[in-house]
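To find a chain, count down the sequence lines: A is the first, B the second, and so on, and within it residues start at 1. Remember, it's a predicted structure, so these values are computed and weren't measured experimentally.
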Amino acid sequence: MEVRTRFAPSPTGYMHLGNLRTALYTYLWARRNNGKFILRIEDTDQVREVAGAVDVIYNSLRTAGLEHDEGPDVGGDYGPYVQSERKAMYLPYAKQLVEKGCAYYCFCTPERLEEARQEAEKNGGTFKYDKHCLHLSKEEVQAKLDAGEPYVIRQNVPTTGKASFDDVIYGHIEVDCDTLDDQVLIKADGLPTYNFANVIDDHTMGITHVMRGNEYLSSAPKYNLLYEAFGWEPPKYVHLTPVMCRDFQRDENGGYVLDENGEKIGITRKMSKRKGDPSFEDLLSQGYLVDAVINYMVLLGWSPRGEEEFFSLDELKKIFDLEGLSKSPSIFDMQKMNWFNAEYIRRLSDEEFYEKALPWIAQAVDPAKFDTRRIAALLKDRTEYFADIPPKIGFLARMPEYDIALYTHKKMKTDSAVSLEILTAVRPFLAGIADWTEQELHDRVMEWIPSTGMKNGTVLWPLRIAVSGLANTPGGAFEILYLLGKEESLRRIDEAIAKLQA
RNA sequence: GCCUCCAUGGUCAAGAGGCCUAAGACGUCGCCCUCUCACGGCGAAAACAGCGGUUCGAAUCCGCUUGGAGGUGCCA
């Protein structure tokens, strides 16, 4: 049988990394089996609708390279692929269940339910609908329907026995029916709840593997009851763990709360846009590479067979399996994300890197005035993500304020006095260099240093500080002198001399 | 509270009763390279949550405890 998987996001306006990973796994499983990957939009919650949110989904999937075979935009034989457009499909199915006694009309008001819920909570228990409306006679129900009373349709869960299902990752899961609530299938607005729609849609779309977040694990037995009621073969279930975030506990003032050992107290929480955790779009706009994000995300909760950890999407399509999927939540680690990205950046060709880096370089310096190719070359091994480029090279455009304490460096054997001496000596020497290329600067200065009786670092450290004002720079003294040009370099050295004399 | 699931270093994770004196990667620390930083090279510290069982033998199987995640919505 052909494998058919589906990614069924609700349009929220951005792509969570957890969702992206779900989409990725779902896509890979379909491709691995030469099956179909279907996109379905779950927009039955009209209250939370976000304008333009569907486009975000299309864009994210396209950017990530997860192309779907069927979906609202590309069509397919199992449409429509937007739940709100399937509205008319659900009620007849629900009525079928009512006929079979597996569901029933309920006319209880939200107020009555809310009251009962609070009552249950007060007593420390779980609210369960009391099947109040199950006992309405056929005539009573018809009368209320005729009178136009608002209603919902609820699943009639057995009060005894067990409900169960099998998950590919978790195995057989079984619960007592009496812990299950008579969940709403059709809402008062006529739209199905997720709980109902997913069953109908997955079945009518011929989905063979339902891969989705762990949050559905505890309701899956109820879904299976529905499949049974219809007499349908349930799909294979694959429940995926959530992607979490590691944080530290803070007090009201934003300071860290410490435990008795003076250690920060770690807390894990689900990733959330509100807490400032990055979405897929956020990462891309910070200059993360799609391939790096995909590569990192695929390994967060799944492990391949061997030691290799670099994979392209094409490779993943061949090797992805369900066995390697993890059972426990994984924490998104920004540091490893950064390492992957830096690694992907280093693997770019110089030309590719240059093209991608140029816009970011241009944010900090005027490309007309600098050798941007040389800057890019210096940056390639030092860039974790593109947004960290501008702060690294801003000093080229404008000499930063700095403290003369920077001239003191023990290992380089320099301090302010030595630096002043060196700068004063090297200034006229540099002024005499006509051919201001990096090679020439390097060769001439290196030739000259022995005559001073000092070691390389003792001369080059102050020189680099004088022209950069920074403790760390991409590239050393020669690179910076070259990039700045003769005039600007000499000007900065003059300023440094003045500063040291003051 | 109740229900379900999960539990190997700070993080991602390998591990299917003897191959475990527990792999690899990120991070951390040290050394080397070196005009700084980065890259690169070498090395180190760092884990089977606890307690009971089963077994000749347990990270691996079972139970309890603890911890974590999810559910408990006319959200998905």
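- Taking atom P in both B/C32 and B/A38, the straight-line distance is 15 Å, to the nearest Å.
- Cation-pi contact between A/Arg347 and A/Phe310: present, with separation from the ring centre below 6.0 Å and deviation from the ring axis of at most 45°.
- One interatomic measurement links the two molecules: CG of A/Leu185 to C1' of B/C74, which rounds to 11 Å at whole-angstrom precision.
- The residue among A/Pro304 and A/Asp176 whose nearest nucleotide of RNA chain B is located toward the 5' end is A/Asp176.
- The NE2 atom of A/His239 sits 13 Å away from the C1' atom of B/A76 (whole-angstrom rounding).
- Look at the C1' atom in both B/G9 and B/A59: the space between them is 14 Å, to the nearest Å.
- Counting to the nearest Å, the P atom of B/G27 and the CZ atom of A/Phe332 are 14 Å from each other.
- Comparing the P positions of B/G15 and B/C56 gives a spacing of 28 Å, expressed to the nearest Å.
- Among the heavy atoms of the strands lying under 4.0 Å from A/Cys108 is at least one base atom, whether or not backbone atoms are also near.
- At a threshold of 4.0 angstrom between heavy atoms, the contacts of A/Asn195 include nucleobase atoms, whether or not backbone atoms are also involved.
- With both pairing distances under 3.5 Å, B/C33 is matched to nothing as a Watson-Crick or G-U wobble pair.
- Residue-level contact check: A/Ser326 touches the backbone only, with heavy atoms under 4.0 Å from sugar-phosphate atoms and none from bases.
- Counting non-hydrogen atoms under 4.0 angstrom, A/Glu307 reaches a base of the nucleic acid.
- For A/Glu421, the salt bridge (Lys or Arg N to Asp or Glu O under 4.0 Å) test picks out no residue, with sequence neighbours left out.
- Using a 4.0 Å cut-off between charged nitrogen and carboxylate oxygen, A/Arg6 and A/Glu42 do not count as a salt-bridge pair.
- Out of B/A76, B/A7, B/U4, the shortest distance to the side chain of A/Val175 is found at B/U4.
- Across the C1' atoms, B/C3 and B/C19 are found 41 Å apart, a figure rounded to whole Å.
- In a base pair of the Watson-Crick type (N1 to N3 plus N6-O4 or O6-N4) or a G-U wobble (N1-O2 and O6-N3), with each distance short of 3.5 Å, B/U66 is matched with B/A7.
- Salt-bridge annotation for A/Asp277 and A/Arg269: present, with a side-chain N of the basic residue lying under 4.0 Å from a carboxylate O of the acidic one.
- Across the protein-nucleic acid pair, A/Leu180 atom CG and B/G73 atom P stand 12 Å apart, rounded to whole Å.
- With a cut-off of 3.5 Å on both pairing distances, B/C74 has no Watson-Crick or G-U wobble partner at all.
- In this structure A/Glu119 satisfies the side chain to side chain donor-acceptor pair (under 3.5 Å) test with no other residue, sequence neighbours excluded.
- Atom pair A/Phe196:CZ and B/C75:C1' shows a separation of 18 Å (rounding to whole Å applied).
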- Just by protein heavy atoms under 4.0 Å, how would nucleotides 34-43 of chain B read 5' to 3' in B, S and -? BBBBBSS---
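- If you take atom P in B/G67 and the same atom in B/A49, they sit 15 Å apart, rounded to whole Å.
- Atom CG of A/Asp178 is separated from atom P of B/C3 by 10 Å (rounded to the nearest Å).
- Taking the six-membered ring wherever Trp is involved, the centroid distance between the rings of A/His203 and A/Tyr93 does not fall below 6.0 Å.
- Between A/Lys327 and the phosphate of B/C6, there is a side-chain N or O to OP1/OP2 separation shorter than 4.0 Å.
- Between A/Phe320 and A/Trp302, the distance from one ring center to the other falls under 6.0 angstrom.
- Legend: residues meeting side chain to side chain contact (heavy atoms under 4.5 Å, CB included) with A/Leu134, ordered by chain and number and at least two apart, are A/Tyr104, A/Lys131, A/Asn156.
- Following rounding to the nearest Å, A/Tyr170 (OH) and B/C5 (P) show an atom-to-atom distance of 11 Å.
- For an aromatic pair to be called close, the ring centres must be under 6.0 Å apart, and A/Tyr194 with A/Tyr216 satisfies this.
- For B/A47, there is no paired nucleotide, since no Watson-Crick or G-U wobble pair has both relevant distances below 3.5 Å.
- B/C33 and B/C20 are spaced 36 Å apart, taking the P atom of each and rounding to whole Å.
- Across the C1' atoms, B/C75 and B/C37 are found 50 Å apart, a figure rounded to whole Å.
- Judged by Watson-Crick or G-U wobble contacts below 3.5 Å, the nucleotide B/C12 has B/G24 as its partner.
- Regarding A/Ile331, its CD1 atom lies at a distance of 10 Å from the C1' atom of B/C12, rounded to whole Å.
- The salt bridge (charged side-chain N to carboxylate O under 4.0 Å, His left out) pairs that include a residue from residues 404-416 of chain A number zero, where partners must be two or more places apart or lie in different chains.
- The only member of A/Thr22, A/Thr26, A/Leu325 that meets side-chain contact (heavy atoms from CB on, under 4.5 Å) when paired with A/Val238 is A/Leu325.
- Using a cut-off of 4.0 Å between Lys/Arg side-chain N and Asp/Glu carboxylate O, A/Asp202 and A/Arg40 are scored as salt-bridged.
- Across every strand in view, B/G17 sits unpaired, with no contact that passes the Watson-Crick or G-U test at under 3.5 angstrom.
- Between B/A76, B/A14, B/C74, one nucleotide has an atom nearer to the side chain of A/Tyr194 than all others, and that is B/A76.
- Taking the C1' atoms as reference points, B/U11 lies 27 Å from B/U65, given to the whole Å.
- Checking B/U11, B/C74, B/A25 against the side-chain heavy atoms of A/Lys187 singles out B/C74 as nearest.
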- Query: For nucleotides 61-72 of chain B, read 5' to 3', which letter fits each nucleotide if B means a protein heavy atom sits under 4.0 Å from the base, S means only the sugar-phosphate is that close, and - means neither?
  - Reply: -------SSBSS
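- Across all strands shown, the partner of B/C61 is B/G53, judged by Watson-Crick or G-U wobble contacts whose two distances both fall under 3.5 Å.
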